[in-house]
Structure formats: C-alpha cells, structure tokens
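All remarks here apply to the structure that follows.
Computed from a predicted structure; not experimentally measured. Quick note: residue numbers are just sequence positions, from 1.
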Amino acid sequence: MSKKEKIKPPRKPMLDRFPFTWFPFNLLRGMILFLQDLYRMGRTHVQRSIRLQLMLTFAFCFGVSLAFYGISSALFGAVNKSTVIDYSQGMESIDREARSLADRFLTPSRHSGNGTSDESPEDDANEAVPGESGQPQATVPQGTPTPNPGTAVPVPGVNGQEPGGVPGVPAANPQVSPQPNQPNNRQGESKQGEAVQRKNFENTVKRLVTYNKLKIVITDLEGKVVFRSENAPETYVDVHSVIRNAMETRNFESDSRAEFSSFYPVTYNNQKSYLIVSGIPQPNISYHKGENPLSILASLAVFIFLFYFLTQRKMRYIEELASGLRIIATGNLDHRVIERSQDELGSLARDMNFMVTDLQRRIEEERRAEQLKNELITNVSHDLRTPLTLIMGYLRLLHDKNFETPEQAAGYVSIAYSKSEKLKGLIDDLFEFTKLSNHDVPLHKKGVVINEVLEQLLEEYVTLSEEQQLTLIRSLPQERLLVRIDVDKMIRVFENLLGNAIKYSPKPGVITFGMIRENGHAIIRISNKADALTRDELEQLFDRFYRVDKARTSETGGSGLGLAIARSIVESHEGSIWAESENGEIHFYVKLKLAS
C-alpha cells in the first residue's frame, strides 16, 4: 500500500447515521412487541384459568345481549312509536326575539341621556335582524320590582281595547321621540341619530309582526301602554299579574298551543318601562319510541343461548372426565383421560392419569410381592426341608446305630452338623431381612476411610479367588475417601457382592473391583463375566427371593435374600445400589455419600 493511499473508515450502519429518522419506527416496533407480549401473557393466563374463561364468556354474552337489546328496541320501538308535540323551542324563540329587541334599542347602555345612539347610524343600520342568538341581556333599572330578566310568561289581566279607543295612546306605528338633553349646538346631530334609530326600531317591529306573527307592547310602570305594534289592541296591562306569573313560570316547558309572552324591563323615551312580546309558539313534532317487553325477552334468550353454546365444550369435557372416572372405578386401570386444556380441568385430567398410573404401579407391586411370597414359601419350604430331612436321616442312623465303625458315625454327625449350620444361616437371613425392611436394626455409624476398609476385605478374598481359578483385579484411588457408615453392615454388603461374583463367574475368569470419586460421592463397582440380562431382570435382582435361574436352589444358588439385604443396608445409609449388564459382563454399583 502506498503512502498516498488512505485507509477509509468503515461506514456506519444506517441506524447510527440517521438515529432521528429511525426513532419513530423503533418506538412503534417496541410498542407492537409490547402489545404482543401483553397479548401472549393474557392469553396464557386465560388458558390456565377456567375462572377467567367463564368471566370473559359472561362478559361477551352480556355485551352481545345488550347490543341485541338495542337493535330489537329500535325495531319494536319503531312499531310502537308515539308523536310528541313540543312548544318549548317556539317559546325560546319568542323570548330570544324579545331579548334581542330590548338589547338593541331599549337599553340605557346603548343610548345616551339625550337619546342619541352611541353607535354610528351606519352600524345601527347594518346590525343583524332581531331574533338571532348571542345577543346581550337587557339592563334592569335599579329599584324596579321586576322578575328575573329573560323569564317568559303568559300575560294575564290584559284589558284589550280597540285601537284608537283611548286618547293619548300611540298608533300602531309610533314615532320614537327620545327627550333631548344635550346642548343646542348638537341638536342637528341628535335629530339625525334619533331618526335613524327610530327607523331601525320601526323596521324591526314590522319584521317581527309580519314574519314571526309577534305582538309587541311597551307599558309604563303603571301598566299603561305607551307603544304597541299594529296588531296589538291592548291599551292597559296588569303589571302586577304579569310579575306574579313571571315568578311562577321558571322554564319553557309546555305541551299546549297557547299564547306565550316574554317580559323585560326596559327604558323607553328616557322612562322606565316594560317590554312585552307575545305570540303563538311554533310546535316541534318529535317521535318517541315505545317500550316493548319482547326486546328484554329476546335479549335474555340470546344471552342464555350464547352462554350455553360457548360453555358446551367445557361441560362435555367435564362429562368426559366423569365418565372416565367411572370406567377407572370399575377396575380398568389401562384407561386414560385426554388432557384437552391447560386450565384446572386439564390439571384434573393430568392428576387422574397420575393417580391411575400410581395405583396401577402399586397393584403391580402387590402382585409381584404376592408372587415373591409364593416363591418364598416354595423356596423356603424346599430349602428348609432338604437339610432338615438329611439331619433327621443321619440322626436316625445314629439313633438306630446303623453304622459299622466309629469313623462312619463321626461322618454322619459331621454331615448333620453342616446341614444344621446351613439351616441356621437361612433362618438368620430371613430374620435379618425382616428387621432391615422394618428399620428395626440400629446403625452404629462412624467416620472411616473406605479405601482402607475395602483393602482389608479384598486381601481376605484374594486366596479364595485363586482357589476358584479367578483373578481379582482391584483399582482403588490414592485419595483417602471418608464416609460415615456402619462398618459391619457395609462389609456384609461387599461380602455378598464378592461372594456372588466368585460363585457365578465362569472359571477361569476375572473379577474387577474399582472405586472412583464423583460429585461428593464414592462409587464402588464390582464386575465379572455373566450372561446378558434384560432390564426387567436387572431391576428384579434386588427383590427378595428372586433368582435369575428358576431351577437354582439353596444347594447351588443360595437363599435369594443376599442382594435384597444389601439394598436395604445401602439405602439405610442414604446411598444407592444398582446393576448394569453390557458386553457379556455384569456390573454392581454402590454409591455412598462422602463425609464432610
């Protein structure tokens, strides 16, 4: 590489070069993954709890029934719908027109003391038509005993007279004449403003009378009419009755078509007055759907049907479990129920299968024990009868003096004695096995070096092996392995295993004795040549009175209690013993826990 060439730095990943570009996508991806995990967790909890399943089923059925109730109510209610005529909106419209008229033309805040409008004539001419919403409230003159502003009431006690019947009452289209109080130099401007204001007021009143069919009256504090529209015949109004009815009427609710009046205190021609706007409210027709009991019954039927349909699978599974339990109760222990779910019902099915398996195992053990007991009776009867018969025969010969020489008599005694010892050994084995099985034998444990104990034991078996044309090969570690055992009982175990190896090994042959340390335990192995055994035969080797060769008796194979006694001793030391068969050899293993 030349000096001019430069090593290019590695390109950064796209995510590092544009971190802000990828940020929203990473956040969205994280949210999606979180929702997926939340869904999986919730689904797992629901699958494992039948209580949650029933709650969700109930909620789903209830929601569907509510939706069905809404649909059915709409359908059945359309058949039984009723017509309702409401005049409240028409009353509100009349009150809104009255309030707008009072705010625009008859409030002191919008007119000065000389009757001149604060706004320009152009603004008054361009204002919206009275009756639109959003207008301000009228100002109530202080000291006037009036009801709540804006309260719409019917107008009782009105003394109607024909127009023009009372002198001094303005005509249908009165002229608004505010009293001027300004200096003489502003009379021209004041008159021009009054003319525009009067024109706007007249146009508004005409519009309300023509299009809205309203009747407009302005009275003084005594009830005398000082202004009226062209369709208003009243010349006097009982203000006291109007105020009393205004206090009684608080809302616009009405279902009858009657004249409605809205009452507001105002200032007219610089005098405290009352504005009364009357008219027939326009009706609002609406349709109310009626109630039908079929909607409730139909929604209840939908709820029951859905709940029955959705829980039918679980109920069938419960019936299946009950049926399986009845089959098992009849004695068919080969029957198994199917685990169809992960909830409590599936757990129940799993426990039922475990119970049946354990019960079947116990029954098989009892059958095997019964078979072993029968074999015990047969073997013990044969093993006890044979030496006992020989002992009795030789003793009878001695008793009858059926011998020729004293040496022959001594031989009879020796044979009888040896058979007695064998008989005693068989009885001792039975007695010891019984005590070990019932845990009646106390153990005297102490810490010993297992290497040294095994070395001394093997020295005793070297000569015996050589006499049987067998070679004893031992492989013990140099490390001193300390264990807590009952030495006498444990020596009995290894004597039994070595005795079986010497007795049943083909001659000439080899016996291997080894020991290793593994995971805080000492494992001893004794191996010798033997015929291959099946797994079942290996498991039954340590059963009481079990013999691989059924034809073998105590004369050729012992009592069948040696390995059973060995297993009881090892298990009482919290150890384990087992056998393996491979490559034409049988291996016996003893595993003991090392002392700390």
Side-chain angles (χ1 to χ4, degrees), residues 425 428-429 431-505 509-530 538 541-542 544 558 561-583 585-596:
D428 290 341
D429 287 345
F431 185 67
E432 184 175 3
F433 176 74
T434 303
K435 290 194 298 182
L436 289 172
S437 299
N438 297 328
H439 303 284
D440 293 335
V441 179
L443 297 178
H444 304 285
K445 294 182 180 181
K446 62 180 180 179
V448 296
V449 179
I450 190 65
N451 312 54
E452 298 177 354
V453 175
L454 295 178
E455 282 285 357
Q456 295 177 6
L457 179 63
L458 292 174
E459 287 294 336
E460 299 176 2
Y461 277 84
V462 170
T463 303
L464 183 60
S465 300
E466 292 176 352
E467 292 176 356
Q468 298 291 329
Q469 299 180 358
L470 297 172
T471 303
L472 182 60
I473 300 175
R474 39 189 176 173
S475 175
L476 301 177
Q478 297 296 326
E479 181 185 4
R480 293 164 58 88
L481 303 179
L482 183 66
V483 294
R484 286 188 57 82
I485 58 174
D486 187 328
V487 179
D488 295 334
K489 295 292 188 296
M490 196 58 62
I491 288 177
R492 173 73 182 273
V493 173
F494 293 115
E495 285 179 346
N496 187 283
L497 295 176
L498 287 171
N500 287 342
I502 294 173
K503 184 182 296 184
Y504 302 120
S505 293
V510 177
I511 299 174
T512 304
F513 193 101
M515 183 176 64
I516 60 173
R517 175 175 181 168
E518 184 178 282
N519 297 329
H521 291 82
I523 301 179
I524 300 97
R525 187 182 74 173
I526 301 174
S527 306
N528 62 279
K529 293 289 184 179
L538 290 173
L541 278 177
F542 298 92
R544 52 193 175 186
L561 291 173
L563 292 179
I565 293 174
R567 183 176 65 178
S568 298
I569 294 174
V570 173
E571 290 180 352
S572 64
H573 286 79
E574 300 179 358
S576 57
I577 182 171
W578 71 95
E580 297 178 0
S581 178
E582 59 180 358
N583 300 327
E585 290 187 347
I586 186 170
H587 309 283
F588 287 91
Y589 293 89
V590 177
K591 185 177 182 180
L592 299 174
K593 185 177 181 181
L594 296 177
S596 58

Review point. Checking side chain to side chain contact (heavy atoms under 4.5 Å, CB included) for the pair N496/I565: CA distance, chi angles, key distance, verdict?
Key: CA-CA 9 Å; N496 187 283; I565 293 174; 6.0 Å; no
Exercise for review: Would you mind telling me which of L497, I473, L476 makes a side-chain contact (heavy atoms from CB on, under 4.5 Å) with F513?
Suggested key: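 Among L497, I473, L476, the one meeting side-chain contact (heavy atoms from CB on, under 4.5 Å) with F513 is L476.
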Under 4.5 Å between any side-chain heavy atoms of [X] and [Y], yes or no?
{"X": "H573", "Y": "V570", "result": "no"}
{"X": "T512", "Y": "S475", "result": "no"}
{"X": "M490", "Y": "V483", "result": "no"}
{"X": "L470", "Y": "N528", "result": "no"}
{"X": "L498", "Y": "L458", "result": "yes"}
{"X": "F588", "Y": "L563", "result": "yes"}
{"X": "F494", "Y": "V453", "result": "no"}

**Study point:** Check against side chain to side chain contact (heavy atoms under 4.5 Å, CB included), R474 and E459
**Key:** CA-CA 10 Å; R474 39 189 176 173; E459 287 294 336; 2.8 Å; yes
Point to revise | Worked check of side chain to side chain contact (heavy atoms under 4.5 Å, CB included) between V448 and K446 | key: CA-CA 6 Å; V448 296; K446 62 180 180 179; 4.0 Å; yes
Check your understanding: Side chain of N451, backbone of Q478: donor and acceptor closer than 3.5 Å?
Key ->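 Checking the backbone N and O of Q478 against the side chain of N451, no donor-acceptor pair under 3.5 Å is found.
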Point to revise | Evaluation steps, salt bridge (Lys or Arg N to Asp or Glu O under 4.0 Å), between K591 and E518 | key: CA-CA 10 Å; K591 185 177 182 180; E518 184 178 282; 5.4 Å; no
Practice item. Go through the steps for I485 and I450 under the test side chain to side chain contact (heavy atoms under 4.5 Å, CB included), then give the verdict. Key: CA-CA 9 Å; I485 58 174; I450 190 65; 4.1 Å; yes
**Study point:** Stepwise salt bridge (Lys or Arg N to Asp or Glu O under 4.0 Å) test for R517 and E479
**Key:** CA-CA 9 Å; R517 175 175 181 168; E479 181 185 4; 2.3 Å; yes
Exercise for review: Verify the neighbour count for atom NZ of K593: are there more than 12 heavy atoms of other residues, nucleotides or ligands below 6.0 Å?
Suggested key: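 Incorrect, the count does not exceed 12.
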